Amino acid sequence: MLPHRTRRHRLADTMRAHGGGVAFAFTAPEVARNRDSGYPYRWDSYFHYLTGFPEPQAVVVLVVDAASSESILFCREKNEEREIWDGVRLGPQAAREHFGFDRSLPFASLDEEMPKLLADRPALWYALGSDEALDTRVHRWLGAVRAQARAGVVAPARAFDLRAVLDEMRLVKDDHEIATMRRAAQISAAAHIRAMRAARPGNHEYEIEAELLHEFRRNGSQSPAYGSIVAAGRNACVLHYRDNTARLADGELLLIDAGCELDGYASDITRTFPVNGRFSGPQRALYEIVLEAQRTAIDATRPGARFIEPHDAAVRVLAQGMIDCGLLTGSLGGVIESGAYRRFYMHRTGHWLGMDVHDCGDYREPGAPASATAPPATTTPASQPPDSGKPWRTLVPGMVLTVEPGIYVRAADDVPAAYRDIGIRIEDDALVTAAGCEIITADAPTSVDDIEALMRG
Ligand code: GLY
Ligand code: MN
Ligand code: MN
């Protein structure tokens with residue numbers, strides 16, 4: 001069975017367990033860039049998870065009751081004139097057959113059909129409160145249903161957040177997703193290897209970015225999963241550096257955080273290596289600390305562990321390393337307690353990975369309030385948000401998360417001169433398995449010896 005169809009059945013089961021109703025999800029709109037040029041189109045992840053249908057202007061609807069469920073796709077009708085300019089539109093009939101829906105209808109009939117579908121149904125399931133225009137549209141549909149009250153028609157009395165249900169489903173990847181993510185990870189690892197081979201003093205960061213993009217695209221990836229970070233020397237201390245314009249100097253490190261998206265699934269890899277192929281003493285000293293932190297965090301990534309355990313394990317190694325090399329003074333317990341290590345390690349060690357690079361899914365046990373969602377690894381300070389007190393999520397096989405410790409030493413008078421402007425991160429993608437975890441990005445080397453040997457070759 002098509003994986004998307006299986007997911008629709010699973011969603012229907014969950015809806016049924018709560019009395020059924022009507023679920024719907026829109027795909028993403030097209031976005032104009034200027035005049036008649038658009039930004040590259042990328043469908044909505046939730047919609048695609050349930051359909052696999054790639055065209056814009058589409059909605060999936062599930063109508064579920066105790067005994068049955070019906071899946072309906074609304075999509076664009078065929079249009080020869082537009083197809084001459086923009087390519088094939090499957091049209092409802094072919095889309096229904098190809099994507100395994102029970103029924104299909106023209107997108108243009110959505111506002112007319114939805115009140116009929118909602119009539120006498122107990123509940124609505126949609127991305128509640130995520131978009132004002134959507135809420136207004138739903139309001140109109142419900143108004144149209146209520147207008148038939150005298151005929152005895154009843155409008156849904158309850159609404160559920162469809163995303164919360166799909167977030168739980170997306171958090172644990174199915175076989176189809178795992179196969180795609182493994183392949184995305186392999187392509188991205190090959191791209192990092194290509195970048196290590198290409199880098200030389202005198203190159204520009206964007207030339208190395210071009211090597212990454214070349215490797216992504218030649219292997220069938222549709223796009224990068226996020227803006228590639230190619231950061232030489234001190235630029236590596238800017239966590240979201242994205243200029244990629246500087247020249248690589250002899251003696252500097254190059255930090256690359258880049259991953260491709262393949263068939264809707266992200267990969268996310270960081271490697272840090274010397275532009276001239278040889279780590280200096282101080283670079284190597286910090287690099288070995290980060291690598292040991294990563295290995296320790298990977299060991300802590302196993303079923304039954306809490307989401308935060310790999311982070312806590314990495315922090316202990318990093319903080320001890322910072323003390324040993326003179327970046328910090330005091331005891332391990334002291335620098336962890338005071339948070340002093342955050343000056344050089346200010347993000348979390350991982351985030352969920354899937355259709356989105358910072359994927360959906362609650363970082364706390366289900367049932368936690370929505371505000372308990374933890375920050376993505378490299379976008380939000382580790383101290384955010386305030387602790388909700390809810391237990392961290394327990395890892396189970398099929399979850400995918402990144403493991404990405406780092407050390408970033410911005411130049412300052414009070415840090416040892418040898419370490420100033422060094423930024424290092426090592427990031428891999430871990431699939432939680434029954435036995436522990438599988439590093440699906442392992443093709444890209446991380447050890448000093450392996451990196452130096454690859455660059456010599
Ligand atoms: N590339 C984004 C991140 O590592 O979180
Ligand atoms: Mn990441
Ligand atoms: Mn990354």
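Keep in mind the model is a prediction, meaning the values are calculated, not measured. Counting starts at 1 for both ligands and their atoms, in listed order. When a residue number appears, it is its place in the shown sequence, counting from 1.
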Arg343 to Tyr408, cation-pi by 6.0 Å centre distance and 45° axis angle | no
Which of the atoms of ligand 1 are close to Tyr226, meaning less than 4.0 Å from one of its heavy atoms?
-> 1 (N)
Rounded to the nearest 10 degrees, what's the angle OD2 of Asp268 makes with OE2 of Glu404 at the Mn ion (ligand 2)? Could you check?
-> 150°
Calculate the angle formed at the Mn ion (ligand 2) by OE2 in Glu427 and NE2 in His351; 10° precision is enough.
-> 130°
Taking only heavy atoms of His358, which atoms of ligand 1 are found under 4.0 Å from at least one of them?
-> 2 (C), 3 (C), 5 (O)
Centroid-to-centroid, Phe307 to Tyr363, below 6.0 Å?
-> yes
Atoms in ligand 1 flagged as close to Glu427, the criterion being non-hydrogen separation under 4.0 Å | 4 (O)
Would you call Asp13 and Arg16 a salt bridge, taking side-chain N to carboxylate O under 4.0 Å as the test?
-> yes
So, does Gln283 use its side chain to make a donor-acceptor pair with the main chain of Pro274 at under 3.5 Å?
-> no
Would you please determine whether Val357 falls within less than 4.0 Å of ligand 1 on a heavy-atom basis?
-> no
Consider ligand 1: state whether an atom of it lies below 4.0 angstrom from any non-hydrogen atom of Arg425.
-> no
Between Asp250 and Arg278, is there a salt bridge with N-O shorter than 4.0 Å?
-> no
Could Glu404 and Arg348 be called an ion pair, given the rule that one side-chain N must be under 4.0 Å from one carboxylate O?
-> no
